[in-house]
Amino acid sequence: MSMMFRIILSILIVISIVRVLRYAWPIRSLSYVEVRDVHKLANQSLAMKMLDVRDAVEYQQDSIRGSINISLGRLAYVWQHCLSTDDSVLILADSYYTRNKAARILYKQGFRKLYAVNGDFLGNKRTLSEISVKGCEG
């Protein structure tokens, strides 16, 4: 292998590692809460919204009552329709990576009160559906 090829390969590997770590690293404004504590959190916040960032098909098959669906790919572009930077947002996602990516997108837009449920949110569907949250007023 030529020296130039090794240098380019090394640079690409470093960039890939940094990119993966960036999305895996937690967001300062993202707090993880237990399902039993979400009731208390929603009662403390006047503007709590539940944001489900799964694809629309998955959301239609199984969702939490009162949640807003904006898929991760559209979040950076359409969040203004249903969310305000003053809102407390409970992110519902099916993976740690998706949850962090959604929090990162919202943080860039100015959101500072971001929360996520520890564990499987669909396994706690009944409890989460009982929470009084603001829907989409758009």
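Quick caveat, the model's predicted, so the values are computed rather than measured.
- One N or O on the side chain of R112 and one on the backbone of Y107 form a donor-acceptor pair closer than 3.5 Å.
- Counting all heavy atoms, side chain and backbone alike, T85 lies closest to F111 at CA-CE2, 3.7 Å.
- Listed by chain and residue number, D86, D87 satisfy the side chain to side chain contact (heavy atoms under 4.5 Å, CB included) test with S84 (two or more places apart in sequence, or in another chain).
- Partners of A102 according to the side chain to side chain contact (heavy atoms under 4.5 Å, CB included) rule, which considers only residues two or more places apart in sequence or in another chain, are V53, L72, L75, I91.
- The OG atom of S88 sits 11.0 Å away from atom NZ of K49, with the distance rounded to the nearest 0.5 Å.
- For Y115, there are no side chain to side chain donor-acceptor pair (under 3.5 Å) partners two or more places apart in sequence or in a different chain.
- Residues W79 and I105 fail the side-chain proximity criterion, which asks for heavy atoms closer than 4.5 Å.
- In summary, the side chains of S67 and Y59 do present a donor paired with an acceptor at a separation below 3.5 Å, with no hydrogens or angles considered.
- Sorted by first then second residue, the salt bridge (Lys or Arg N to Asp or Glu O under 4.0 Å) pairs that include residues 55-77, not counting sequence neighbours, are D62-K125.
- With sequence neighbours left out, the side chain to side chain contact (heavy atoms under 4.5 Å, CB included) criterion links S95 to Y97, T98.
- Residues I70 and Y77 form no side-chain contact, since every pair of their non-hydrogen atoms from C-beta on lies 4.5 Å or further apart.
- Atom CG of L90 and atom CD1 of I68 lie 11.0 Å apart (nearest 0.5 Å).
- Residues satisfying the side chain to side chain contact (heavy atoms under 4.5 Å, CB included) test with I7, not counting sequence neighbours, are M3, I11.
- With N69 contributing its side chain and D52 its backbone, the two residues share a donor-acceptor pair below 3.5 Å.
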